[in-house]
Amino acid sequence: MHIPDGFLSGEAAAVGWVVGGSGIALCLREVGLDDNERKLPVAGLAAAFFLVADSPLVPLTIGTDGHLLGGTLAMALLGPWLGAVTMAVVTAIQALALGDGGITTFGLNMVNLALIPAFVGYPLILLLRRLLPSTRIALAGACGFAAFVSVVVASTVFVSEVSLAAVVRVHPATLAKTMFGTYTVVGVLEAALTTLVVRALLEVRPDLVSVATPLHRRRRVPVSELDRAA
Amino acid sequence: MTATHGVDLTVEVETAAHRVAPECKVLATILFVVAVALVPRHGWWAYGVDATLVAAVAIAAKAPARLLGQRLAVEIPFVVFIVLLPFVGGGAKTHLLGVPLSRAGLQAAGGIAAKATLAVLATALLTATTKPPAILAGLTRLRCPSQLTAIAGLALRYFQVVLDELRRMQIARVARGDDPSWIWQARAAARSAGALTVRCLQRGERVYGAMLARGYSGNMPDTVLSERAQPLEWAVTLVVPLVAATATVLARAMS
């Protein structure tokens, strides 16, 4: 999902920078508004986690590494503003220090990895949270589904960007087939990992999940409560 | 992947390229990559100029070829995609060993590969000559928002810690009899991801507590004590992107 330099024409890269830059500027302003100083270290450690998780983690078959892009997970844990800022930082470190991604394509990579999860994935989680029963499994599943949708939307944006302003004229249909095939697999993996991580967190530390409501955060009925009811 | 991600990103030699103020190197790298990305389709000689610049800096910085090669490995998945372009691209076809190849696709694939390679080598040279905290200090001096550099600083500082934590969890899993081969590993590895997230976020809270105890008041301390860039440093460093930009402008004017 990290587009390297040279992949986009100058115009497409410029559009990506304008859209991505203004989106992140908006998120930065929102992060600055409420008192988020306390959350900066947590966001930093989450960013370190995403850096590790985005390097090959699960060798599934030769040449295919299951890794976590983490965008929607970041939104579920940190909320859309701080989540998007964190993902933008992760993308920047990958481009500058690890050679994954690019500088001219950084704008569009920010759109794909930070802004689409924030403005598509996060609202989708909130919508599903309202529709589904407020159990932990349902919330974790909602996060997973939102992660899948985010990956598919991001790959659609990628396909349209490349075919609209491409350096080479590739038949959009051919490109779409190649990309969708790959990214459906990536999306399913992303959904599975997001669901598992959110479920694990809801069990142990529900207060760290930003999308969890007080209902999700309540403790599993403790023994003392049962005594009182009896 | 540990080699590319690990602590040995920076090479332990000291040259003039290492001593230049980080803000100059960061800005020069960004401008150079932008210049490379804007080279037009037929400007092959411009890539030659850019490659010469990269080679000159690599020699001046005594960057080992092994390190640069490792960095190029990150590119491989996209190279696979680029290789498809001559087959799926439209327009005039040329035949190689009886296989019809799109001429436009071939040209585009070559251009993309050249640009991506030059950009990866440029950022590899930046990290080979500049330690990550110095890169962050450079970005701060280039007026990058402080929240971004604060998060990035913490992420870089704890990256190795998180990586080691993951490795310990994997060793523990294998010690408990998990079969570490292919698809069977996926389920347990995915569970490790959940446990790792919990540990990371809890560590974040502990780090915040420790920062408060040491007098954190919302601003990260400046950890890089190097001096700000002198005009001469700016002038010498910016020659590299300037030459690349001139080549791009000339190539654009000629095509």
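Per chain, numbering begins at 1; letters A, B, ... match sequence-line order.
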As an exercise, state the distance from OG1 of B:Thr197 to CG of A:Leu201, rounded to the nearest 0.5 Å. 5.5 Å

Flag the pair A:Phe106 / B:Val33 as yes when at least one side-chain heavy-atom distance between them is below 4.5 Å, and no otherwise. no

Just so I know, are the side chains of B:Gln147 and A:Val31 near enough to count as touching, which here means a heavy-atom distance under 4.5 Å? yes

Is B:Leu139 in contact with chain A via its backbone, its side chain, both, or neither, using a 4.5 Å heavy-atom distance? side chain

A:Ala95 versus chain B, the contacting section by heavy-atom distance below 4.5 Å: backbone

Hey, what do you get for CG (B:Leu126) to CG (A:Leu96), rounding to the nearest 0.5 Å? 6.5 Å

With rounding to the nearest 0.5 Å, note down the distance linking CD1 in A:Ile93 to CG in B:Leu148. 10.0 Å

Looking at chain A, which one of B:Val34, B:Val39, B:Leu196 has the largest number of heavy-atom pairs inside 4.5 Å, strictly under? B:Leu196

Would you find more than 12 non-hydrogen atoms of other residues, nucleotides or ligands less than 6.0 Å from A:Ile137 atom CD1? no

Whatever's closer than 4.5 Å to a heavy atom in chain B on A:Val42 counts as both

Give, as side chain, backbone, both or neither, the part of B:Ala150 having an atom under 4.5 angstrom from any heavy atom of chain A. side chain

If we check side chain to side chain contact (heavy atoms under 4.5 Å, CB included) with A:Leu45, which of these qualifies: B:Arg203, B:Glu205, B:Arg157? B:Arg203

OG on B:Ser146 to CG on A:Leu40, rounded to 0.5 Å: 8.0 Å

Okay, B:Leu38 and chain A: the region with an atom under 4.5 Å from a heavy atom over there is side chain

For a quick test of reading the model, state the closest non-hydrogen atom pair linking B:Val162 to A:Ala48 and the distance between them. CG2-CB, 3.9 Å

Under 6.0 Å from the OH atom of B:Tyr47, do we count more than 12 heavy atoms belonging to anything else shown? yes

If you compare all heavy atoms of A:Pro41 against all heavy atoms of B:Leu154, which two are closest, and at what distance to 0.1 Å? CA-CD1, 3.6 Å

Interchain contact, B:Ile30 with chain A, by part (heavy-atom threshold 4.5 Å): both

Under a 4.5 Å heavy-atom cutoff, which of B:Ala37, B:Ala152, B:Gly153 has the most pairs with chain A? B:Ala152

